[in-house]
Amino acid sequence: MTSLLTFPKGGVHPPESKKLTADLAIEVMPVPDELEIILGQHIGAPCTPTLEKQAEVREGDMIGEVKKGLGVPLHAPVAGKIKSFGMSAHPMRVSAPSMTILTDKEAAPRTYTKIEWSHLDSKQLLAKVHGAGIVGIGGAGFPSHVKLSPPPSNPIDTLILNGAECEPYITADHRQMLERSADIVEGAKIILKILSIKNCFIGIENNKPDAIAAMTEAAENGSTSEFAIKVQPLQVKYPQGSEKQLIQSITGRKVPGFALPSAVGVVVHNVSTTAAIYDAVALEKPLYEKVMTISGKGIKRQANLRVKVGTKISDIVDYLGGVTPELAKIVMGGPMMGFAVSSLDIPVTKTTSSVLFLAADEIDTTPHSQCIRCGWCLEACPMGLEPKEIAIHVEAGRPQDTKQFGVFECFECGCCAYVCPAKRPLVQFIRLAKMKATN
Ligand code: SF4
Ligand code: SF4
């Protein structure tokens with residue numbers, strides 16, 4: 001096997017907790033009676049609805065668009081009727097504008113037929129990616145067509161597919177790599193054609209040997225004189241899947257602070273986003289379904305589920321048999337970078353990768369104390385920042401002085417808080433500093 005690569009600075013090894021769902025095949029959840037579709041599911045201006053209340057929609061119809069600036073359209077995940085416009089619960093913004101679609105339970109699910117895309121040029125392929133509403137579904141929802149249009153000043157030579165999935169518990173990408181390996185490789189070829197380059201690496205942490213084997217076989221079958229696609233096994237170390245760390249692990253290139261991967265000639269896409277790009281181009285299917293992991297000891301049944309965007313967490317909980325008496329905390333996203341939520345009314349968006357129902361023995365509730373200046377957080381930080389200083393300045397009411405410690409280079413991976421023996425909520429301090437330092 002090829003040697004295991006990793007990034008040079010910091011990182012931690014939290015318990016993986018992936019066994020709960022790693023072997024569970026992706027299961028299609030039945031469509032709920034109604035869906036709440038949040039209008040802002042990407043970075044950029046939220047969508048404006050393109051249809052009125054009471055309008056009938058078919059599965060896959062466009063229901064919202066962004067006329068100006070950054071953004072992608074939204075599509076109906078089901079056939080049905082637009083019931084209302086209002087506000088929905090949101091994990092980070094408390095509430096967000098949304099539309100509710102009443103599902104037509106009699107309608108047959110839409111089917112898609114594969115088309116030949118190899119004759120399409122870069123511009124036509126990009127238009128399909130944009131038109132299908134594709135965003136980075138493993139991250140913050142950055143529109144994929146923009147990521148695939150790097151400035152000409154930064155020539156790209158390498159595509160990296162991110163299959164690291166380094167967050168504990170989450171196995172959605174793992175299952176996609178096992179169950180859709182050929183589609184992901186074909187998605188990689190679409191991206192390579194858009195970027196007019198040949199080389200692609202698929203980075204996968206070494207704790208997923210079955211995914212490495214499946215993707216290696218698919219990559220070998222898919223590589224041609226035009227496309228060179230290679231799987232690169234990676235050392236198991238969090239945050240291996242963070243964009244800058246992944247680039248450095250695989251290419252040795254260091255993305256400068258505040259710069260984009262294109263600054264070092266690289267474009268990175270998550271493997272599940274790549275599967276969505278395949279759907280958008282080869283099947284002409286918009287993005288309106290999401291594969292997500294539901295895990296933790298606080299839910300009766302764990303699963304990797306394919307759900308319609310707009311499905312509420314409460315519907316997922318009902319489908320999986322309810323919560324257990326041990327439930328202590330609900331987290332959207334992974335335990336390292338996710339957000340604790342208190343409502344089950346939150347609907348799934350294009351970027352929801354997991355919901356964790358954690359029992360008391362899966363979380364740490366030790367109260368935090370004063371910094372003992374051990375320096376462990378500095379050692380753990382993959383960006384070489386000074387989290388302890390940021391926290392101390394925030395506590396002292398001086399968040400505006402934290403720029404010198406790199407607060408805006410922090411991508412909130414949580415390594416510092418994970419190792420802190422005083423259990424200091426360093427990421428919360430950092431989020432506060434970012435808010436205050438920009439005001
Ligand atoms: S959360 Fe920020 S400061 Fe803490 S380890 Fe990660 S990048 Fe460094
Ligand atoms: S790890 Fe915690 S206690 Fe140690 S220096 Fe950092 S903030 Fe202070």
Side-chain angles (χ1 to χ4, degrees), residues 7-12 40 42-45 69-71 90-94 135-136 138-143 146-147 150-151 153-154 160 162 164 166-167 238-249 253-268 270 333-334 336-340 351 368 371 373 375-420 424-439:
F7 54 95
K9 196 187 263 293
V12 294
H42 51 250
I43 290 181
L70 198 62
H90 192 280
M92 280 169 281
R93 285 176 259 152
V94 184
V135 296
F142 193 78
V146 179
K147 215 174 180 185
S153 53
N154 293 136
I160 293 179
N162 187 352
C166 59
E167 268 271 12
Y238 179 88
Q240 192 68 262
S242 136
E243 215 165 59
K244 288 184 177 175
Q245 278 61 42
L246 187 65
I247 292 169
Q248 199 166 7
S249 294
R253 301 175 196 171
K254 190 168 187 295
V255 182
F258 304 111
L260 294 172
S262 60
V264 294
V266 178
V267 164
V268 181
N270 170 276
M336 297 297 285
M337 290 189 77
F339 287 81
T351 59
H368 78 268
C371 172
R373 297 188 178 267
W376 290 3
C377 55
L378 279 79
E379 273 174 44
C381 179
M383 299 298 288
L385 310 181
E386 296 187 58
K388 83 167 167 34
E389 292 298 337
I390 298 171
I392 288 168
H393 280 72
V394 170
E395 274 182 318
R398 301 209 318 269
Q400 67 283 0
D401 295 343
T402 56
K403 281 184 202 165
Q404 59 184 308
F405 306 114
V407 70
F408 288 110
E409 282 185 71
C410 167
F411 61 101
E412 302 175 14
C413 66
C415 289
C416 51
Y418 179 77
V419 296
C420 176
R424 290 170 62 72
L426 296 169
V427 179
Q428 279 89 325
F429 282 129
I430 289 166
R431 284 182 187 146
L432 210 63
K434 282 183 185 172
M435 265 191 300
K436 302 274 181 185
T438 39
N439 288 338

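- Summarising the geometry of P150 relative to S262, their closest heavy-atom pair is CB-CB, 4.0 Å, with the distance given to 0.1 Å.
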Identify all side-chain donor-acceptor contacts of residues 386-393 below 3.5 Å with residues at least two apart in sequence or on another chain.
residue : atom : partner : partner atom : Å
H393    : ND1  : E389    : O            : 2.8
H393    : NE2  : R398    : NH2          : 3.2

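- Of all heavy-atom pairs spanning C415 and P239, the tightest one is SG-CD, 3.9 Å.
- Atoms NZ and CE, from K9 and M383 in turn, are 10.0 Å apart once rounded to the nearest 0.5 Å.
- Of all the heavy atoms in A380 and V419, the pair that sits closest is CB-CG2, 3.7 Å.
- Side-chain atoms of C377 and L385, non-hydrogen and from C-beta on, never get closer than 4.5 Å to each other.
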Please tabulate, for side-chain N and O atoms in residues 407-414, each donor-acceptor pair with protein atoms closer than 3.5 Å (sequence neighbours left out).
residue : atom : partner : partner atom : Å
E412    : OE1  : R431    : NE           : 2.8
E412    : OE2  : K434    : NZ           : 2.9

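- Between R424 and E395, the closest side-chain pair of non-hydrogen atoms falls below 4.5 Å.
- Using a 4.5 Å cut-off on side-chain heavy atoms (C-beta onward), E243 and V255 make no contact.
- Closest non-hydrogen pair, P261 versus I247, comes out as CB-CD1, 3.4 Å.
- Rounded to the nearest 0.5 Å, atoms CG (N154) and CG (L260) are 8.0 Å apart.
- Note that CG of L246 is 10.0 Å distant from CG of N270, once rounded to the nearest 0.5 Å.
- Taken from CZ in F429 to SG in C371, the straight-line distance is 10.0 Å, to the nearest 0.5 Å.
- Between the NZ atom in K147 and the CZ atom in F142 there is a gap of 8.0 Å [rounded to 0.5 Å].
- Of all the heavy atoms in G338 and E167, the pair that sits closest is N-OE2, 4.3 Å.
- With contacts defined as side-chain heavy-atom distances shorter than 4.5 Å, the pair P382/S242 does not qualify.
- Scanning both residues, Y238 and F7, for their nearest heavy atoms gives O-CZ, 3.8 Å.
- Applying the salt bridge (charged side-chain N to carboxylate O under 4.0 Å, His left out) rule to pairs touching residues 253-265 yields D157-R253, sequence neighbours excluded.
- Side chains of L70 and P143 form a contact here, defined as non-hydrogen atoms less than 4.5 Å apart.
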